Amino acid sequence: MPVPVVKLGSSVVAQESGELRLSVVARVCEEIAGLHRDGVDVVVVTSGAIARGVHLLRLPVRPHEIAELQAASAMGQGRLYRTYDDLMREQGIPTAQILLTFFDMSARTHYLNARRTLQTLLGWRVVPVINENDTTTTDEISFGDNDFLAAQVAVLLGAELLVLLTDMDGLYTANPRLDPGARLVEEVADPAELESLEIGHEVSALGSGGMRSKVVAGEMATAAGTPTVIASGLVAGSVARAWAGDRVGTRFAPQAV
Ligand code: GLU
């Protein structure tokens, strides 16, 4: 069975106010369910626990203290997962919650256990919904918004595709919010092509990612042979188009392994 990994960033899951973008998450879940019915076993990686927690706590802004981010994530994660579980259940598809850390990916026994658990769930045709275990690690909440975690999961499973959904249409030659001449980069045959681009470190109000971490995640996944697409999660059809190989967002070609 083919396995794509689809990652939803904080800016896809939640509005700047922290309010859940329920219709967006529901639409992405419908697309995932459509693929699932065609025999494609999607693995979901989702951010948004901190964004949900910040909203539940009615904090005016995302905190800076790591301990507060971890605690906000602990508050938001249950609600976040339940949203996916409810939406996928409406589509008749069971889900399972998985929380991983960077350490799990580097310690061999943990890595093998994580892979076995994921493979068993996929064998049962259950959709895994993964987030970082923010209580014990701070890697992704410091930088990455789960982009690296998604790439690591794609490599772990030998995924056919990694889709990084964000609130931008893909990678641009410059920041399109500041430069009207910015062009969408549709294809990256070799990451070395990007050296001349100034890829911004700008991050959304709720997450810790940004284009830079998506490009690095794309390099990690394509180096292991997994093509990667950065596309807008706010536009209908991005997941289905990415899987069909249609033009959408920025596609990074797999590198020879
Ligand atoms: N694990 C974090 C979350 O779910 C990642 C997002 C972030 O970097 O804020 O919120």
Side-chain angles (χ1 to χ4, degrees), residues 5-22 24-25 28-29 43-85 87 95-106 114 118 127-154 156 162-168 199-218 220 230 233-234:
V5 173
V6 175
K7 182 249 162 177
L8 294 87
S10 299
S11 62
V12 175
V13 172
Q15 299 170 11
E16 284 216 355
S17 63
E19 194 85 46
L20 181 71
R21 289 192 202 264
L22 183 58
V24 169
V25 180
V28 174
C29 284
V43 172
V44 175
V45 176
T46 185
S47 301
I50 294 173
R52 298 295 298 128
V54 167
H55 186 66
L56 291 168
L57 285 157
R58 300 186 196 287
L59 300 179
V61 287
R62 178 183 159 108
H64 293 288
E65 287 281 328
I66 291 287
E68 289 181 5
L69 291 169
Q70 291 171 309
S73 175
M75 281 200 69
Q77 174 59 29
R79 302 273 188 115
L80 176 68
Y81 169 67
R82 201 171 75 196
T83 301
Y84 286 93
D85 192 50
L87 290 168
T95 71
Q97 174 179 240
I98 297 217
L99 298 174
L100 290 174
T101 65
F102 181 75
F103 175 74
D104 295 326
M105 296 296 168
S106 50
L118 285 164
V127 172
V129 177
I130 304 174
N131 197 351
E132 187 179 44
N133 186 354
D134 291 330
T135 303
T136 58
T137 50
T138 54
D139 297 293
E140 299 280 344
I141 60 180
S142 312
F143 175 63
D145 192 33
N146 285 343
D147 293 328
F148 306 131
L149 183 67
Q152 286 172 327
V153 168
L156 173 88
L162 169 63
V163 183
L164 299 172
L165 295 176
T166 183
D167 61 349
M168 308 256 291
I199 299 165
H201 288 269
E202 188 190 322
V203 300
S204 72
L206 291 169
S208 62
M211 247 337 131
R212 161 80 27 212
S213 70
K214 282 170 192 59
V215 168
V216 176
M220 285 164 65
I230 301 174
L234 306 182

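Since the model is a prediction, treat every value here as computed from it, not as a measurement. Start at 1 and go down the list; that is how both ligands and their atoms are numbered.
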With backbone taken as N, CA, C and O and side chain as the heavy atoms from C-beta onward, which portion of Arg62 lies under 4.0 Å from ligand 1: side chain, backbone, both, or neither?
-> side chain
Backbone N/O of Asn131 and side chain of Tyr81: donor-acceptor pair under 3.5 Å | no
Considering all heavy atoms, the nearest Phe148-Ser213 contact | CE2-O, 3.6 Å
Check ligand 1 against Ser47 and write out every atom of the ligand that is under 4.0 Å from a heavy-atom position of the residue.
-> 4 (O), 5 (C), 6 (C)
Nearest heavy-atom approach of Leu56 to Arg79 is CD2-NH1, 3.4 Å
Show the numbers, then the answer: is there a side-chain contact (heavy atoms from CB on, under 4.5 Å) between Leu118 and Ile130?
-> CA-CA 10 Å; Leu118 285 164; Ile130 304 174; 3.9 Å; yes
Assess whether side-chain contact (heavy atoms from CB on, under 4.5 Å) is satisfied between Ser11 and Thr166, documenting all intermediate values.
-> CA-CA 6 Å; Ser11 62; Thr166 183; 3.9 Å; yes
Run through Thr135, Asn133, Asp134 and flag the one making a side chain to side chain donor-acceptor pair (under 3.5 Å) with Ser73.
-> Asp134
How does Asn131 reach ligand 1, by side chain, by backbone, by both or by neither, if only non-hydrogen atoms under 4.0 Å count?
-> side chain
Measuring from the heavy atoms of Ser10, does anything fall under 4.0 Å of ligand 1?
-> yes
Examine the proximity of ligand 1 to Asp134 and report which part, side chain or backbone, both or neither, has a heavy atom under 4.0 Å away.
-> side chain
Identify, by atom number and element, the atoms of ligand 1 in contact range of Ile50, meaning under 4.0 Å from any of its heavy atoms.
-> 3 (C), 9 (O), 10 (O)
Distance-only N or O hit between ligand 1 and Ala49, under 3.5 Å = yes
